[in-house]
Amino acid sequence: MQEIKKFLPLSRPTISKETIDEVVNVLKSGWLATGPLTQKFETELSHYYAERKVACFTSATAGLQAALMAIGIKPGDEVITTPMTFVCTANVIAMLGAKPVFVDIDRNTFNIDENKIEAACTEKTKAIMPVHYAGLPVNLDVIYQIAKNKNLRVIEDAAHAVGSSYKGRKIGTFGDIQVFSFHPIKNMTSGEGGCVVLDNENEYKTLGLQRFHGIDRSIWDRFSKKGNSSYDVVIPGFKSNMSDIQAAIGLHQLSEVEDMNAKRRHLAERYREAFADMDDKFAMQAQPNYEYIHSGHLFPICLRDGDKRDKLMSYLKENMIGALAYYAPVHLFSYYQKEFGYKKGDFPETEYVGDRIICLPLYVDLSEDEQDYVIDKVRDFFN
Ligand SMILES: *Cc1c(COP(=O)(O)O)cnc(C)c1O
């Protein structure tokens, strides 16, 4: 068996020379904050997302929170989401004084179980926040039908879903509101960053205020030649505007993301083929029977025997392979237990998966030789 000399992380970004040159140009330009490149990035993102409105933020977390505020979520409201997510999905709900109402997942797809959403709705429910876990789109038709019947908003946490599509339509080109992440671990990056995609003009304006002190005109306009330096403050906003340094990275990544995703999907397919005979040891993410394209963001496996999970993690680490147990169920974090009364046993499918899941290395620059090494080590562990 081949040996490996460098640590193979769970993920790492691929940054082209053009991207690096562009960042250097920004640094030399004299304008580093939100400016022409951020505007250009938003325009390009808008083209990518069917000409819908796009607002960039310093992170998807900031975008999710601003989106919840823009649709009017307030203390006492309830927002439905999945406990199998990165904690920020629920944190942003809690930070607004609203209650994250978790709905259990499907243990085969690891996505929220759309058939359990309706039963979780109450008079206080205002929105549903599904997560396209690992890049596999949730069953949006069912979710949007529930939202329509009950007059709820939908904010898709699409942090994993840049380039995913559902029934022939790219995530972000249709529906209510989508939030994408450009954190370096995601399918495309801007260093840190994220964006909100939406249609409503007033909500779009609110996002613009929220990310910049509640000031009613852009800072670039104020400093540029044509600018007028007076401004009004109409709400108490945050400071979560994207910088032109980030936008410079994001612009190039956006032009490369389809090719990068093709590479990810190719590697994911190789894992699937290599593990086709391992079904008694672990499950791979189920493939729903609706038409979809997976972004290839993560490659999770769910061990049949939960006692082996941490042993496999250590075994991989000893062998220079990074793997992560994504995610620890959110409802079991102490804050969520104390504040909202969640406890072990509330979401058995999520807890089952949470005890058994491991994500294997998957990134554009993972060579097939390196991937074969990961495959061999995973197989070795079970033999
Ligand atoms: C990464 C991630 C986020 C947050 O993205 P940031 O840009 O880091 O704020 C939100 N939701 C999910 C599911 C994520 O994986």
Side-chain angles (χ1 to χ4, degrees), residues 9-13 38 41 45 54-69 79-96 100 102-103 105 109-112 127-138 154-164 171-172 177-197 207 210-211 238-243 245-247 249-250 253-254 257 264 285 294-300 324-331 333 336 350 353-354 357-359 362-363:
L10 175 78
S11 178
R12 55 166 300 167
T38 304
F41 187 33
L45 284 165
V54 176
C56 282
F57 283 82
T58 43
S59 68
T61 304
L64 284 166
Q65 186 171 7
L68 284 168
M69 290 175 75
V79 177
I80 289 175
T81 191
T82 168
M84 179 51 57
T85 184
F86 183 56
V87 66
C88 72
T89 317
N91 277 349
V92 290
I93 300 168
M95 278 191 292
L96 295 181
F102 296 115
V103 166
I105 60 169
T109 62
F110 318 138
N111 269 336
I112 192 167
I128 308 171
M129 262 173 71
V131 175
H132 305 293
Y133 176 84
L136 175 66
V138 298
V154 177
I155 298 177
E156 298 167 39
D157 178 339
H160 299 180
V162 174
S164 292
I171 299 296
I177 298 180
Q178 293 76 31
V179 182
F180 295 92
S181 171
F182 308 135
H183 181 280
I185 201 175
K186 305 291 157 67
N187 288 38
M188 61 171 273
T189 186
S190 58
E192 289 271 8
C195 75
V196 181
V197 184
L207 294 179
Q210 272 157 353
R211 68 184 170 184
F238 291 108
K239 180 64 169 60
S240 48
N241 55 304
M242 181 175 272
S243 80
I245 302 172
Q246 292 170 298
I249 302 169
Q253 290 268 305
L254 180 60
V257 73
R264 284 174 174 274
Q285 192 171 25
H294 195 296
S295 69
H297 174 53
L298 297 173
F299 194 85
L324 281 178
Y326 260 19
Y327 291 97
V330 176
H331 69 284
F333 288 126
Y336 287 89
T350 302
V353 172
I357 203 156
I358 292 190
C359 292
L362 182 62
Y363 50 93

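If you're wondering where the values come from, they're calculated on a predicted model, not measured in any experiment. Atoms within each ligand, like the ligands themselves, are counted from 1 in listed order. Sequence positions, counted from 1, serve as the residue numbers for this chain. Both backbone and side-chain heavy atoms feed into the values below; hydrogens, waters and symmetry mates do not.
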Can you tell me the protein heavy atom closest to [atom] and the distance?
atom	value
atom 2 (C) of ligand 1	K186 NZ, 2.6 Å
atom 11 (N) of ligand 1	D157 OD2, 2.7 Å
atom 5 (O) of ligand 1	S181 OG, 3.2 Å
atom 10 (C) of ligand 1	C88 SG, 3.2 Å
atom 9 (O) of ligand 1	T61 OG1, 2.5 Å

Short N/O distance, under 3.5 Å, between [X] and ligand 1?
X	answer
A60	yes
H160	yes
T85	no

Just by distance, do the side chain of [X] and the backbone of [Y] share a donor-acceptor pair under 3.5 Å?
X	Y	result
S164	S295	yes
Y326	M84	no
N187	V257	no
T189	F182	yes
T81	M129	yes

Per-atom contacts, ligand 1 versus [X] - under 4.0 Å to a heavy atom:
X	answer
G193	7 (O)
T89	11 (N)
Y327	15 (O)

One residue to check: V179. Relative to ligand 1, which of side chain, backbone, both or neither has a non-hydrogen atom less than 4.0 Å away?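 No part of V179 comes within reach of ligand 1.
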Any side-chain donor-acceptor pair under 3.5 Å between D157 and Y133?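 Not at all, the side chains of D157 and Y133 share no donor-acceptor pair under 3.5 Å.
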So, 4.0 Å and heavy atoms of G63: is ligand 1 close enough to count as a contact?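 Judged by the 4.0 Å heavy-atom criterion, G63 does not count as contacting ligand 1.
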Could you tell me whether ligand 1 has any atom less than 4.0 Å away from a heavy atom of Y133? no
Can you spot which of H183, H160, H132 makes a ring-ring contact (aromatic ring centres under 6.0 Å, His included) with H297? H160
For F238, I'd like to know if atom CZ has over 12 heavy atoms of other residues, nucleotides or ligands within 6.0 Å. no
Please verify the inter-ring angle class for F102 with H331; under 30° counts as parallel, over 60° as perpendicular, anything in between as tilted.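 Correct class here is tilted.
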